[in-house]
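The structure under discussion appears below in the form of structure tokens.
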Amino acid sequence: MALAIIIGMLIKNEKEETFIPLFTDGIQLRRFMKEQQCPVMVCGFLMIADMLQRGNASGIMINPSTSGVALSKPGVAALKKRFCEEKEL
């Protein structure tokens, strides 16, 4: 599954924790960006998980303008591990 990220952008929740915003489709991305122009990259979950582990963000937030599902850095690492284990089967 490919997800879109806005290069270099972090968002904060009400606790001031920073998250990488992810978008599941172009509609979600346009809803969030409105009139702004920013560079976007489309990549898979494993690449996003690796970027998160190297960076300072607390986690990822999927479709922040609508559902706003947040996953912590440890939660993303656990999903990555599980995903990789299933691929080996």
Side-chain angles (χ1 to χ4, degrees):
M1 173 184 200
L3 298 164
I5 65 168
I6 302 166
I7 298 173
M9 179 179 279
L10 295 174
I11 58 175
K12 290 184 179 181
N13 66 5
E14 60 280 346
K15 297 178 185 176
E16 296 295 310
E17 299 167 313
T18 56
F19 292 85
I20 299 172
L22 302 179
F23 306 92
T24 54
D25 58 40
I27 294 168
Q28 291 292 331
L29 177 62
R30 284 190 295 281
R31 184 175 286 153
F32 181 80
M33 294 301 296
K34 297 182 175 118
E35 301 296 320
Q36 294 178 317
Q37 297 288 320
C38 294
V40 174
M41 181 170 73
V42 176
C43 51
F45 175 76
L46 294 178
M47 185 175 185
I48 291 167
D50 289 342
M51 285 190 292
L52 178 62
Q53 293 307 313
R54 291 191 305 268
N56 294 325
S58 300
I60 61 174
M61 186 169 294
I62 302 169
N63 297 331
S65 292
T66 55
S67 57
V69 175
L71 295 171
S72 67
K73 190 179 276 191
V76 170
L79 279 176
K80 178 185 174 189
K81 181 180 178 196
R82 182 172 180 178
F83 181 73
C84 291
E85 287 172 356
E86 287 180 5
K87 284 187 105 176
E88 292 175 0
L89 296 176

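The structure displayed is predicted, hence computed values, not measured ones.
- Linking ILVMFWY residues whenever their side-chain heavy atoms come closer than 4.5 Å, directly or via other members, places M61 and M33 in the same cluster.
- Rounding to the nearest 0.5 angstrom, the gap separating the CD atom in E17 from the OG atom in S72 is 9.0 Å.
- Under a hydrophobic clustering in which Ile, Leu, Val, Met, Phe, Trp and Tyr are joined whenever their side-chain heavy atoms come within less than 4.5 Å, directly or via other members, M41 and L52 fall into the same cluster.
- In terms of heavy-atom proximity, P21 sits nearest to L10 at CD-CA, 4.3 Å.
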Q: Test I62 against T24 for side-chain contact (heavy atoms from CB on, under 4.5 Å), laying out the working first.
A: CA-CA 7 Å; I62 302 169; T24 54; 3.9 Å; yes
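- When each of I60, I6, L29, N63 is checked for a side chain to side chain contact (heavy atoms under 4.5 Å, CB included) with L22, only I60 meets the rule.
- In this structure, the side chains of Q53 and K80 stay at 4.5 Å or more apart for every pair of heavy atoms.
- Classification of the F23-F32 ring pair by plane angle, with boundaries at 30° and 60°, yields tilted.
- No more than 12 heavy atoms of other residues, nucleotides or ligands sit less than 6.0 Å from atom CE of M47.
- Between atom CD1 of residue I20 and atom CE of residue M9 there is a gap of 12.5 Å, rounded to the nearest 0.5 Å.
- K73 places a side-chain N or O within donor-acceptor distance of the main-chain N or O of G55, the cut-off being under 3.5 Å.
- Rounded to the nearest 0.5 Å, atoms CZ (R30) and OG (S65) are 12.5 Å apart.
- In this structure the side chain of V40 never reaches within 4.5 angstrom of the side chain of I5, judged on heavy atoms.
- Atoms CE and CG, on M51 and L46 in that order, are 11.0 Å from each other to the nearest 0.5 Å.
- Separation of atoms NZ (K15) and NZ (K12) is listed at 15.0 Å; rounding is to 0.5 Å.
- Here C38 contributes atom SG and Q36 contributes atom CD; the two are 5.0 Å apart, rounded to the nearest 0.5 Å.
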